[in-house]
Amino acid sequence: DGAPRELRFQLFRHSHRMASQVVGRSAKPDDNENADPERGNLFRAEGQRWQTEPKVPQEPEKDQSRQTLRKAVWALGGFCASTLFWLSVSNFEFTGAWGSTNAAPAGSTSTSANVSTEPTSHTAPEGQAKALDMLRAAQAEARSAHDEGALSAKFLEAREADLKKLLHTVTTVSEQLAGATNTNPAAAAKGTTVDVISEQAVRLAKQVAATVARLEAWRQAVLLLADAAPAGGAAKGGRVAYVWYLTGYETESIACSILIAARFIQQKHPRPNAEFAVVHTLGSVPMVDKFKSYNIRLIKVAAPAAHGQYQWSGSFTKLRVAELFDYERIIYFDVDTLPLGNMDFLFDVADFPVEIAAPRAYWLRQPFVQSGGPMVIDPRKFFFGRHFKNILDESSPKSYSGEMDWVNEVFKDSTVVLPGFLVLLIGEWCPSDGIFQYWQKHFEESSSWVMEHASLVHFIADWKPWKIRSPAMLARKCPRAQPEMLQIFEKWWDAERNICH
């Protein structure tokens, strides 16, 4: 792809040279030109060609306005030509999608890896510092838009539409310039309307260049965000989702906790084809506007036939994720978990359909897995009919305290067992808890190291952050706790104030 880049650079350089002449700047060669012999030869060859072209005779002083106008038309045409050629060599199409084989709009996957965010040596060296600032600013803006759920295909289409409108305006002004020159030489000589249009042409030409550079920066930013797309696995190219469940138990608090968990994942920049969903059995969902604003899909499902005991009475509802056949792969979380790291790697857990993959419940007698998440399930009709349908849609002769007992009974010989560290319990930092310092001892690392490397924290049993409401309550619950425990709770409390209120 070296040749198109060289051509693109030459076109931008020519348009800049012509615009420089209009605004009175010199178009001398760049100091960096000779750093690359191949590029230097290209520029010298181009310079010779320009020098051998016939010179335009100098016009009398009274026709100076027409000469300026003619230069403006050339500059405008140069910018339009370079812009359109840049779009063509980049496979960019005005069709509401990025045509480049290297770009990936939100909602699709990309196999690009290690995408460089720095401008290459082929971008206009004369404005290299400014271009670098523009690229960084656009990437920051793209990442911010992605965090807010605004970096979607429609958003990118709008950016393309902006350029299309701008090019249309440039064409219109170019026609006005040509018409003013050909039909009204007197006005041109007096420097009236023509000067106004000429200034507008130069301004628009600059806007075209800036917009093209901005779109290129956006494209690079989207590539950067898409870099986490799967390179392989059963979920490659298909729809995948992070999913929670919601029932009538502590509905308001749990709905808030789901929103918090989803936002934590979104802030880690998941792959573009990852969606967010909640299965529920409610007539109305609390804070429904919040769910919509964060692009979290609400899916009403039938209540399961099986019931657990105590607070787990509705826990079998989570197994309804196994019939979300729209998705290739699902990562399920319980509502009392807080994702701390990027969890996308779990979408690549296997290149074949996985009925259930779950982390080892390291605090229980083994073998036993934790079904509270992260739990990976590939929704397949044959999987659902084989195991899930009976417990969800038909009465079971056996009762269970919760779905975790059922999962370990039915899938004891087929579960893909994930590392127990993926389901770090909050008691890791509490001296009075039975699993205090479990992973600190296992890894022979500090309490802060464990927190820094944890993918998720589970507020198991009576550790719910919507019930423990202050540092004082936490201190009473766990005297002499390691500082990371309070830090985890404060993360949740801060998010609650910002998201749920």
Side-chain angles (χ1 to χ4, degrees), residues 233-235 240-245 257-258 261-262 264-265 268 270 274 308 312 315-316 318-319 321-322 329-379 383 387-388 400-430 433-443 445 449-461 463-464 484 488:
V240 296
Y242 292 99
V243 184
W244 296 259
Y245 86 97
S257 189
I258 293 173
F264 267 69
I265 294 175
K268 295 296 181 181
W312 302 289
S315 67
F316 280 89
K318 74 176 68 172
L319 301 178
V321 304
R329 180 161 289 166
I330 281 171
I331 300 176
Y332 165 81
F333 299 99
D334 269 1
V335 296
D336 56 354
T337 59
L338 182 65
L340 298 178
N342 189 307
M343 310 290 286
D344 276 4
F345 65 93
L346 290 174
F347 288 125
D348 304 322
V349 70
D351 289 329
F352 49 83
V354 173
E355 196 162 14
I356 279 187
R360 180 175 65 88
Y362 62 91
W363 61 96
L364 298 175
R365 185 177 178 179
Q366 294 301 305
F368 211 81
V369 296
Q370 153 78 314
S371 60
M375 181 169 62
V376 180
I377 291 180
D378 289 356
F383 283 156
H387 289 130
F388 295 96
Y400 300 89
S401 59
E403 95 297 332
M404 193 159 81
D405 292 336
W406 179 84
V407 166
N408 280 275
E409 177 184 294
V410 173
F411 298 104
K412 62 182 179 180
D413 297 324
S414 59
T415 302
V416 176
V417 181
L418 302 174
F421 190 53
L422 292 175
V423 61
L424 177 67
L425 301 188
I426 189 66
E428 173 73 21
W429 297 286
C430 181
D433 197 288
I435 48 92
F436 175 57
Q437 293 185 330
Y438 181 97
W439 293 107
Q440 296 171 53
K441 295 173 182 177
H442 177 82
F443 292 117
E445 294 287 356
W449 185 96
V450 170
M451 177 177 169
E452 181 182 349
H453 290 82
S455 297
L456 173 147
V457 171
H458 196 146
F459 299 101
I460 197 170
W463 287 96
K464 304 298 185 276
E484 288 73 23
I488 292 291

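As the structure is a computational prediction, the values presented were derived from the model and not from experiment.
Separating the CE atom in Met343 from the OG1 atom in Thr337 is a distance of 8.0 Å, to the nearest 0.5 Å. Between Ile331 atom CD1 and Ile265 atom CD1 the span is 7.5 Å, to the nearest 0.5 Å. Atoms CD and CG, from Gln370 and Leu364 in turn, are 8.5 Å apart once rounded to the nearest 0.5 Å. Separating the CZ atom in Phe347 from the CG atom in Asp378 is a distance of 10.5 Å, to the nearest 0.5 Å. Residue Glu428 holds its CD atom at 9.0 Å from NZ of Lys441, rounded to the nearest 0.5 Å.
Among residues at least two apart or in separate chains, there is no salt bridge (charged side-chain N to carboxylate O under 4.0 Å, His left out) pair with a member in residues 357-373.
Residues Met451 and Leu340 come closest through the heavy atom pair O-CD1, 4.3 Å. Between Gly402 and Ser315, the closest heavy-atom pair is CA-OG, 3.9 Å.
Two residues are said to be in side-chain contact when any heavy atoms from C-beta on lie closer than 4.5 Å; Tyr332 and Pro374 fail this criterion. Counting heavy atoms from C-beta outward, Val457 and Trp429 have side chains that approach closer than 4.5 Å. When side chains are defined from C-beta on, Val369 counts as touching Asn408, because their heavy atoms get closer than 4.5 Å. A 4.5 Å side-chain heavy-atom check between Arg329 and Val349 finds at least one atom pair inside the cut-off. With a 4.5 Å cut-off on side-chain heavy atoms, Glu484 and Val450 do not count as touching.
Legend: residues meeting side chain to side chain contact (heavy atoms under 4.5 Å, CB included) with Phe436, ordered by chain and number and at least two apart, are Pro431, Gln482. Residues passing the side chain to side chain donor-acceptor pair (under 3.5 Å) test with Ser371 are Glu403, sequence neighbours excluded. Residues satisfying the side chain to side chain contact (heavy atoms under 4.5 Å, CB included) test with Ala261, not counting sequence neighbours, are Trp244, Pro339. Among residues two or more places apart in sequence or in another chain, the side chain to side chain donor-acceptor pair (under 3.5 Å) test is passed with Trp449 by His453. Judged as a side chain to side chain donor-acceptor pair (under 3.5 Å), and not counting sequence neighbours, Asp433 has no contacts. Considering only residues two or more places apart in sequence or on other chains, Glu409 meets the side chain to side chain donor-acceptor pair (under 3.5 Å) condition with Lys398, Tyr400. Judged as a ring pair (Phe, Tyr, Trp, His ring centres under 6.0 Å), and not counting sequence neighbours, the contacts of Tyr362 are Tyr438, Trp439. Applying the side chain to side chain contact (heavy atoms under 4.5 Å, CB included) criterion to Asp336, with sequence neighbours excluded, gives Asp334, His458, Phe459, Lys464, Trp466.
Checked against the 6.0 Å centroid threshold, Phe388 and Phe316 do not count as a close aromatic pair.
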Item to check | Stepwise side chain to side chain contact (heavy atoms under 4.5 Å, CB included) test for Phe264 and Leu338 | outcome: CA-CA 8 Å; Phe264 267 69; Leu338 182 65; 3.9 Å; yes
Checklist entry - Does the side chain to side chain contact (heavy atoms under 4.5 Å, CB included) test come out yes or no for Asp344 and Val240, once each step is laid out? => result CA-CA 10 Å; Asp344 276 4; Val240 296; over 6 Å; no
Item to check | Working for side chain to side chain contact (heavy atoms under 4.5 Å, CB included), residues Val407 and Lys318 | outcome: CA-CA 11 Å; Val407 166; Lys318 74 176 68 172; over 6 Å; no
Checklist entry - Given the rule in the side chain to side chain contact (heavy atoms under 4.5 Å, CB included) test, do Phe333 and Val335 qualify, once you have shown the distances and angles that lead to the verdict? => result CA-CA 6 Å; Phe333 299 99; Val335 296; over 6 Å; no
List the atom pairs, with distances to 0.1 Å, where a side-chain N or O of residues 413-423 and a protein N or O form a donor-acceptor pair under 3.5 Å, not counting sequence neighbours.
unit_1: Thr415; atom_1: OG1; unit_2: Phe411; atom_2: O; d: 2.6

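When Ile330, Ile377, Ile258 are each tested for a side-chain contact (heavy atoms from CB on, under 4.5 Å) with Val243, only one passes: Ile330.
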